[in-house]
Each structure stands twice: as C-alpha cells, then as structure tokens.
Amino acid sequence: MLVVKNLTKTFTTASGSVSALENVSLTVETGEFASIIGKSGSGKSTFLSMLGALDIPTSGKIEVDGVDIAKLSANKQTAYRAKKIGFVFQHYNLIPNLSALENVMLALEFGGMPMKKRKARAEQLLTDVGLEPDEQLRKPARLSGGQQQRVSIARAIANHPAIVLADEPTGNLDSETGKKIFDLLHRLSRSEKTTILAVTHDMNIAGKTDRTFKLKDGKIAN
Amino acid sequence: MESIASLALAGVIGATIAGAVIVLLSMIMIVRERRREIGVIKAIGGTNRKVMAQFVTEALTLTIIGSVVGLTLGVLVSGPMTNSLVSNSQSSSQTARAEGPGAGLIRGGFSQINRNITSVTSSITPEIFAVAIGMTLLIAIVGSAVPAWFIARISPAEVLRTE
C-alpha cells in the first residue's frame, strides 16, 4: 500500500522559493491502478520523483508497505528503486547500446537476480509483453515506439516491484498503440497485483483507471 | 648520448600527459553526451559505483587499444626511423666537414660525432614494457577520475525533469 501524507516540496530559485508540491496526501491500495492528471507545471513529475525516491521531499511522508522512503539513506534509496519501484517513461529511456533483452537483464542485475537466471526471466517477461524472440535481440533504435514501451514495461516489472510509476506512458504513441499499452498495464496491475500510478494527459485513459487524482498548482484538487 | 636519452624521456613524459588529457576530454564528452543514460541507470537502481565502473572500464579499454596500437607501431617503426635519422645526421656532418675551413683541426671531432651517432640504436626491454604499461594505467586513471566525479553528481531525477 502507498500512503502519502502532507508531502511538500519547495525549490529555492534566484527569485525566491517555489512550492512545487503543497501538503499532498493520498492513499493507493495494493494492486490498484491510479492515474494523476494535471496541467504542465502542476507538480506531476515532481510528485513522481518523490514517489520513486529520485528526489527528497522538503517535508511529509511517503510510506510504501509501511516504510517511509523519504527517511532512507542514499544507498537504501538506490536499493529501493531497484527492487520496489518500476519506472515507465514517456520517451521509453531504454539504454541504446543494449538489446531489448539486455535492457531487461540490466534491471534484473540491479535487482540482485543471479546471472544464470536473468536471461530466462528476461525472455519470459518480453514474451509476456508481446515481443517476438527476434525482436528481443534488437537494439531499441530498431524497435517501434510501441515495442520500445513494451520493453520499458517489461524492465519496470522485472523485479516484482511494489509500485510501477508511469510518466505519460502513452504520450508518445498513436491512440491505438496507446490503448494497447494501457491494456497491458491494466492487465499487469491485475495479474501481478502491482500498484500502478500513471501520470497522463489523456482523459480517456484516466477515466478507465481505478482512481484519478487531479493535481493543480502542487495541490490535490477535488 | 645522455642528452638524446633525456630528450627521449621528455618526449615520453609529454606524450603521457597529452594522452591523459585526450582521454580525460574524451571521457568528459562521453559522460556529457550520455548524461540521460546515466540518469536512467541510476533511476532503475544502478549504484554510482556500478556506473563509474562501467565508465572506468570504457576508459581502460580505450587506453589499452591505443597502447597496443602505439606499442606495435613503436616496435615496427623505431628501428627504421633511428637508422634513417642516423644516416641523415651522418650525411649532414659529412657535408659540414667538406665545407668547413681548417678541416684538419676539427677532423677528429667530427669522427667522434660520427662514431657516437652510429652507435645510437633503439631497443625494447622488459623494463620499457613495464613503464609503458604503467603509463597506460596512469593515463586511464587520470582520464577517468574526473568523469567519475561528474557521474556521481548526476541526479536520477533529471530523467523526469527532461521528459
């Protein structure tokens, strides 16, 4: 379960301090597929950074399965990102020099899986998200946007994370491919009982998730 | 002879410094170009140590390939090049002797120079190999230390900020 309590993030700039998030509180149950909507600059990406332990909040709590991740040491936050969090980015962000299979195997390496088991697990994951064996050996540049996002999803769920954080997962895809990716994420949230939190502009997608939170000027709007 | 040896040593030191600077600049450029990739690796759970190890390995590979090519060329070219330089020096000293006034007085001095020049040879000993390997490692370490510091400072949050 994900519990966020009074989360605040303030950035200090030359012209003074700017509040990106202000007393944000929400709860997402395990296995729930939630979406966050909001305009550009509403604090969506900052919120995802905090949840993914990529940045430290100014104040407030983020509890994942009872552990406050804001209070973890830098090393423990890295381990948390490797094992408890899966990221799906709008621009896929696969490592360009590695094949689809190697991209997934890299995440498994960070998750601590023994070398011998990585290849079979990565192949299984890529097959599950719909990549053919020959496509699994291709570098990202030789895959379509939809295929790259499938690899990105396989990488995100590789270590059975508690939460998958998706930043505009369909933002770079055509509507038909976007729908397939959404269906894939929805299916995973059910079959793997993984909590998924997706930031999106697409109201069609947001409307189909279990719950939608709206961020406005760094606050949760009702 | 000693001055030739010290000139060669100065050349080696100069080449080492130049090599380290080239590797350093190349690695800084690589790290800057791959900033996003480093951010992604950190975001998915890669530690600073792992990313640094990857880049130090790349610097070492770059330096070792350069050293092997350089050493092979050095072994192949040093002999003929020394002979060519020696024969050029001999012919120029002979020209000077033919033109110089009072040749009888300085004939003995030119003969000595000729003997010295013809005794210049190039050789590769295990010690020279050891020094070359030491220089290679020094170049790789210096060349990747600063980029490693840059890597440690890249925040994984940049991946989301630049989305």
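Letters go in sequence order (proteins before strands), and every chain restarts at 1. Note that the structure is predicted; figures quoted are calculated from it, not measured.
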For V40(B) and R155(A), what are the C-alpha separation, side-chain angles and deciding distance, and is it a side chain to side chain contact (heavy atoms under 4.5 Å, CB included)?
CA-CA 12 Å; V40(B) 172; R155(A) 179 177 69 178; 3.8 Å; yes
Part of [X] lying under 4.5 Å from any heavy atom of chain B:
X: N159(A); value: neither
X: E109(A); value: both
X: L48(A); value: both

Just how far is it from atom OG1 of T78(A) to atom CZ of R49(B), taken to the nearest 0.5 Å?
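One finds 11.0 Å between OG1 of T78(A) and CZ of R49(B).
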How many angstroms lie between atom CD1 of I44(B) and atom CG of L108(A), to the nearest 0.5 angstrom?
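Answer rounded to 0.5 Å: 9.5 Å.
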Would you check, one step at a time, whether the test side chain to side chain contact (heavy atoms under 4.5 Å, CB included) holds for I41(B) with F110(A)?
CA-CA 9 Å; I41(B) 292 174; F110(A) 295 153; 3.5 Å; yes
Dump the intermediate steps for side chain to side chain contact (heavy atoms under 4.5 Å, CB included) on R36(B) and N93(A), then the final yes or no.
CA-CA 8 Å; R36(B) 189 181 189 84; N93(A) 280 340; 2.9 Å; yes
Atom [atom1] of [X]: over 12 foreign heavy atoms under 6.0 Å:
X: K50(B); atom1: NZ; answer: yes
X: I28(B); atom1: CD1; answer: yes
X: D217(A); atom1: CG; answer: no

Taking all atoms of both residues into account, what is the closest heavy-atom pair of D55(A) and A157(B), and its distance?
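Smallest heavy-atom distance, with atoms named: OD2-CB, 4.2 Å.
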Over all heavy atoms of both residues, which pair between R81(A) and K42(B) is shortest? Give the atoms and the distance, please.
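Closest pair (atom of R81(A), atom of K42(B), distance): NE-O, 3.0 Å.
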Between G39(B), P156(B), A43(B), which shows the greatest number of heavy-atom pairs under 4.5 Å with chain A?
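The residue among G39(B), P156(B), A43(B) with the greatest pair count is A43(B).
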Kindly determine whether N97(A) and R34(B) satisfy side chain to side chain contact (heavy atoms under 4.5 Å, CB included), including the steps that lead there.
CA-CA 11 Å; N97(A) 296 332; R34(B) 290 163 66 183; 4.3 Å; yes
